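Since the structure comes first, as structure tokens, the remarks are kept for the end.
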Amino acid sequence: MGKSPQDVLRQIKDEGIELIDLKFTDLHGKWQHLTVCSDLIDEEAFANGLAFDGSSIRGWKAINESDMDMVPDASTAWIDPFYRHKTLSLICSIREPRSGEPYARCPRALAQKALGYLAGTGLADTAFFGPEPEFFIFDDVRYNSGEGGCFYSVDTIEAPWNSGRIEEGGNLAYKIQLKEGYFPVPPNDTAQDIRSEMLLLMGQLGIPMEKHHHEVAGAGQHELGMKFAELIEAADNVMIYKYIVRNVARKYGKTATFMPKPVFNDNGTGMHVHQSLFKGGQPLFFGEGTYANLSQTARWYIGGILKHAPSFLAFTNPTTNSYKRLVPGFEAPVNLVYSQGNRSAAVRIPLTGPNPKAKRLEFRPGDALANPYLAFSAMMMAGVDGIKNQIDPGDGFDEDLFELPEERLASIPTVPASLNGALEALNADKNYLMEGGVFTEDFIDNWIDIKYEEVQQLRQRPHPHEFTMYYDA
């Protein structure tokens with residue numbers, strides 16, 4: 001990371017690279033790509049971009065205004081490890097070719113606007129984010145949804161439901177029981193080498209990595225730990241992370257998913273996000289001698305997070321499946337309180353020791369189907385709104401939420417119960433996102449329309465379990 005256009009052009013020449021892969025993130029958080037011959041990449045390409053048809057990207061341009069430019073960021077250059085022919089990868093932001101302005105529906109361009117807004121407030125100049133995406137690895141996945149039926153089936157050799165299965169060469173047992181996936185050694189943990197390859201490959205591509213391990217769910221749940229980075233770099237790293245996870249899994253004849261809840265009755269996958277603000281190289285969230293050593297600035301930031309969480313969950317938890325993980329009464333972080341120890345709190349304050357620069361908060365409800373550029377920007381905008389308006393988050397909550405009487409628990413606000421609930425909250429509470437023109441009204445309305453169509457898709461379809469409950473009622 002940190003290369004200039006001249007560095008990249010020199011690398012292309014010195015290494016005889018003939019192909020350049022231009023990657024950009026669509027609204028849904030999926031990478032799209034275009035591979036071009038290297039002679040199309042010169043200094044002008046880094047300044048003005050390369051043209052493409054934006055009307056073919058979901059939720060973007062109409063066909064009568066389809067021309068767009070993808071502008072590569074030289075600092076993101078790396079050799080793609082999955083292509084047979086040596087290919088240099090560059091992550092792009094999208095720009096309007098006629099005005100030269102960043103495209104308002106480009107997630108990465110929006111994140112750049114969010115950082116510009118942060119600097120303009122004078123409150124801080126740097127936002128650090130430390131995401132923790134989890135995922136499942138399966139051996140076999142089948143699904144179909146049609147007029148006359150629908151089903152899904154996921155399977156992994158690790159799953160507890162396979163303890164009685166007849167397997168080639170004999171069933172050797174060593175299955176992982178429900179909720180016992182944290183941290184068994186091999187032979188129960190069958191993915192050690194796969195995760196190691198993912199971790200080392202990410203490190204080679206410039207992502208600062210820390211660790212990997214099996215996660216709680218017995219049916220093949222995993223996590224790789226990456227270090228924090230500034231907002232856009234952190235979002236870029238999440239995109240690379242997901243790309244590496246999926247492609248390394250495929251190399252081993254397996255398949256990986258970031259769906260929050262692909263398995264019933266076992267833990268779902270989230271993406272906890274650590275975050276902090278700095279100004280002039282100094283941390284703003286440390287305050288000695290206070291609850292969890294939080295500064296007043298940090299408390300106000302938390303106040304903004306807790307106040308606006310129901311609306312920005314439309315970005316941090318953007319699918320109908322997201323809310324099958326966020327169910328009250330289990331370990332899911334559904335409670336809109338903050339705590340230095342309670343993992344069912346939406347905001348947790350990690351133990352960081354005496355180092356002021358390590359002081360941060362962790363937002364726990366989000367999941368890795370989020371578009372990271374939108375999710376990080378939305379959370380930062382909520383926190384900054386909390387600082388600007390000095391929103392008091394109340395006292396930290398360290399009581400055991402599982403032991404509280406029902407009347408106490410009923411008084412604690414929770415996250416929305418569905419994607420539709422989050423969209424309704426976003427429609428009612430969006431002004432903080434539009435400060436400085438970061439999220440435009442067009443962007444938010446378009447997002448609500450796209451996501452509401454997903455809500456409608458699920459509403460109209462019978463669920464297989466409804467036959468269990470109602471067929472002969």
Side-chain angles (χ1 to χ4, degrees), residues 132-143 150-168 170-195 198 211-225 245 249 252 254-272 317 319-335 341-345 348 364-369 400-403 409 414-415 417 463-469:
E132 299 178 348
E134 299 168 336
F135 56 94
F136 280 87
I137 296 177
F138 295 120
D139 298 322
D140 181 70
V141 176
R142 292 172 291 116
Y143 56 87
C150 70
F151 80 98
Y152 76 91
S153 173
V154 299
D155 203 10
T156 165
I157 195 171
E158 293 183 350
W161 59 75
N162 283 325
S163 60
R165 183 174 67 173
I166 296 174
E167 296 177 349
E168 186 177 351
N171 189 325
L172 302 181
Y174 299 119
K175 311 306 182 188
I176 302 176
Q177 297 306 308
L178 289 172
K179 303 183 185 297
E180 293 184 8
Y182 195 85
F183 296 154
V185 298
N188 301 80
D189 177 3
T190 66
Q192 172 71 19
D193 291 340
I194 299 176
R195 293 195 309 270
M198 292 171 177
K211 59 191 175 184
H212 71 75
H213 58 86
H214 204 289
E215 260 295 350
V216 175
Q221 188 184 37
H222 308 274
E223 182 180 337
L224 314 173
V245 164
Y252 281 82
K254 297 179 184 291
T255 177
T257 181
F258 292 89
M259 279 182 69
K261 196 70 174 177
V263 177
F264 168 64
N265 209 34
D266 213 338
N267 280 42
T269 56
M271 183 171 70
H272 307 154
N317 302 73
T319 72
T320 58
N321 188 253
S322 299
Y323 298 84
K324 290 179 169 58
R325 167 178 164 259
L326 297 178
V327 178
F330 298 91
E331 293 181 23
V334 299
N335 301 286
N342 202 320
R343 291 178 180 267
S344 288
R348 187 177 76 93
R364 294 178 62 79
D367 63 62
L369 286 189
D400 188 340
L401 288 159
F402 293 105
E403 299 298 326
L409 202 57
T414 60
V415 300
H463 190 285
H465 194 62
E466 289 177 314
F467 283 78
T468 302
M469 295 191 291

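This is a predicted model, so every value here is computed, not measured. Start at 1 with the first residue, then count along the sequence.
Proximity of a side-chain donor or acceptor of Thr269 to a complementary backbone N or O of Asp367 within less than 3.5 Å is not detected. The backbone N or O of Gly220 sits less than 3.5 Å from a side-chain atom of His222, completing a donor-acceptor pair.
The closest side-chain heavy-atom distance from Gln192 to His212 is below 4.5 Å. The shortest side-chain heavy-atom distance between Thr319 and Leu369 falls under the 4.5 Å cut-off. In this structure, the side chains of Val327 and Val334 stay at 4.5 Å or more apart for every pair of heavy atoms. In this structure, the side chains of Lys211 and Leu224 stay at 4.5 Å or more apart for every pair of heavy atoms. Taking the side chain as every heavy atom from C-beta outward, Ile157 and Arg165 approach each other to under 4.5 Å. Using a 4.5 Å heavy-atom threshold, the side chains of Trp161 and Leu178 count as separate. No side-chain heavy atom of Asn171 sits less than 4.5 Å from a side-chain heavy atom of Ile166. Taking the side chain as every heavy atom from C-beta outward, Phe138 and Thr257 approach each other to under 4.5 Å.
The two atoms that bring Met198 and Phe135 nearest to each other are SD-CZ, 4.0 Å, heavy atoms only. In this structure, Pro260 and Asn321 approach most closely via the heavy-atom pair CD-OD1, 3.1 Å. Residues Phe136 and Pro262 approach most closely at CD1-CG, 3.4 Å, considering heavy atoms. For Ala417 against Tyr323, the heavy-atom pair with the smallest separation is O-CB, 3.5 Å. Between Gln221 and Gly268, the shortest heavy-atom contact is NE2-O, 2.9 Å. The shortest non-hydrogen separation linking Pro365 to Pro333 is CG-O, 3.3 Å.
One finds the CD atom of Glu132 at 8.0 Å from the CZ atom of Arg364 (value rounded to the nearest 0.5 Å).
Atom CZ of Phe151 sits in a crowded spot, with more than 12 heavy atoms from other residues, nucleotides or ligands closer than 6.0 Å. Within a 6.0 Å sphere centred on OH of Tyr252, other residues, nucleotides and ligands contribute more than 12 heavy atoms. Residue-environment remark: CZ (Phe183) exceeds the threshold of 12 foreign heavy atoms within 6.0 Å.
A salt bridge links Asp140 and Arg142; the closest N-O separation between the charged side-chain nitrogens and carboxylate oxygens is under 4.0 Å. A salt bridge does not link Lys261 with Asp266: every distance from a Lys NZ or Arg NE/NH1/NH2 to an Asp or Glu carboxylate oxygen is 4.0 Å or more. Under the 4.0 Å criterion applied to side-chain N and carboxylate O atoms, Lys175 and Glu167 are assigned as salt-bridge partners.
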Notebook entry, point to check: Does the side chain to side chain contact (heavy atoms under 4.5 Å, CB included) test come out yes or no for Ile137 and Thr156, once each step is laid out?
Noted result: CA-CA 7 Å; Ile137 296 177; Thr156 165; over 6 Å; no
Next item on the list: Test Glu215 against Asn267 for side chain to side chain contact (heavy atoms under 4.5 Å, CB included), laying out the working first.
Entry: CA-CA 9 Å; Glu215 260 295 350; Asn267 280 42; over 6 Å; no
Notebook entry, point to check: So Thr190 and Tyr174, side chain to side chain contact (heavy atoms under 4.5 Å, CB included) or not? Walk me through it.
Noted result: CA-CA 10 Å; Thr190 66; Tyr174 299 119; over 6 Å; no
Next item on the list: Start with the C-alpha distance between Glu158 and His214, add both sets of side-chain angles, then the distance that settles side chain to side chain donor-acceptor pair (under 3.5 Å), and finish with yes or no.
Entry: CA-CA 11 Å; Glu158 293 183 350; His214 204 289; 2.7 Å; yes
Note to self: Before you tell me yes or no, could you show the steps for Asp139 and Asp155 under side chain to side chain contact (heavy atoms under 4.5 Å, CB included), namely the whole-Å CA-CA distance, both residues' side-chain angles and the distance that decides it to 0.1 Å?
What the structure shows: CA-CA 6 Å; Asp139 298 322; Asp155 203 10; 5.5 Å; no
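With ring centers used as reference points, Tyr182 lies under 6.0 Å from His213.
Counting only N and O atoms by type, the side chains of Thr414 and Asn335 include no donor and acceptor under 3.5 Å apart.
Classified by interplanar angle (parallel below 30°, tilted 30° to 60°, perpendicular above 60°), the ring pair His465/His463 is perpendicular.
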